[in-house]
Amino acid sequence: MIILGVILLLIGLVAGLPFLWTIGAVLALIGVALLIMGSVGHEVAGRRHYW
């Protein structure tokens with residue numbers, strides 16, 4: 001999810017499409033939040049690690 005968010009951020013920046021920039025930022029932030037929650041041992045959707 002983090003990688004997809006970064007890819008969308010880059011495409012939005014290069015193509016000048018603000019909606020891709022917004023979607024990419026949201027996906028990247030959600031991915032980072034899930035990564036942090038999984039790293040500290042908090043179960044995410046019933047799993048210890050979301051990957």
Side-chain angles (χ1 to χ4, degrees):
M1 190 174 291
I2 297 170
I3 294 171
L4 178 62
V6 170
I7 290 170
L8 288 175
L9 280 170
L10 291 174
I11 292 172
L13 180 67
V14 170
L17 299 171
F19 65 91
L20 283 181
W21 177 263
T22 304
I23 293 171
V26 169
L27 284 178
L29 290 175
I30 290 173
V32 168
L34 289 174
L35 179 68
I36 291 171
M37 287 178 14
S39 296
V40 297
H42 189 293
E43 291 186 5
V44 177
R47 297 178 175 202
R48 292 215 185 263
H49 303 286
Y50 85 99
W51 62 88

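With sequence neighbours left out, the side-chain contact (heavy atoms from CB on, under 4.5 Å) criterion links L4 to L8, L27. Residues passing the side-chain contact (heavy atoms from CB on, under 4.5 Å) test with L17 are A15, F19, L20, sequence neighbours excluded.
Cluster partners of L13 are L9, W21, counting Ile, Leu, Val, Met, Phe, Trp and Tyr whose side-chain heavy atoms approach within less than 4.5 Å, directly or via other members.
A side-chain contact (heavy atoms from CB on, under 4.5 Å) with V26 holds for exactly one of I23, L29, I30; it is I30.
In the hydrophobic clustering of this structure, I11 groups with M1; members are Ile, Leu, Val, Met, Phe, Trp, Tyr whose side-chain heavy atoms approach within less than 4.5 Å, directly or through other members.
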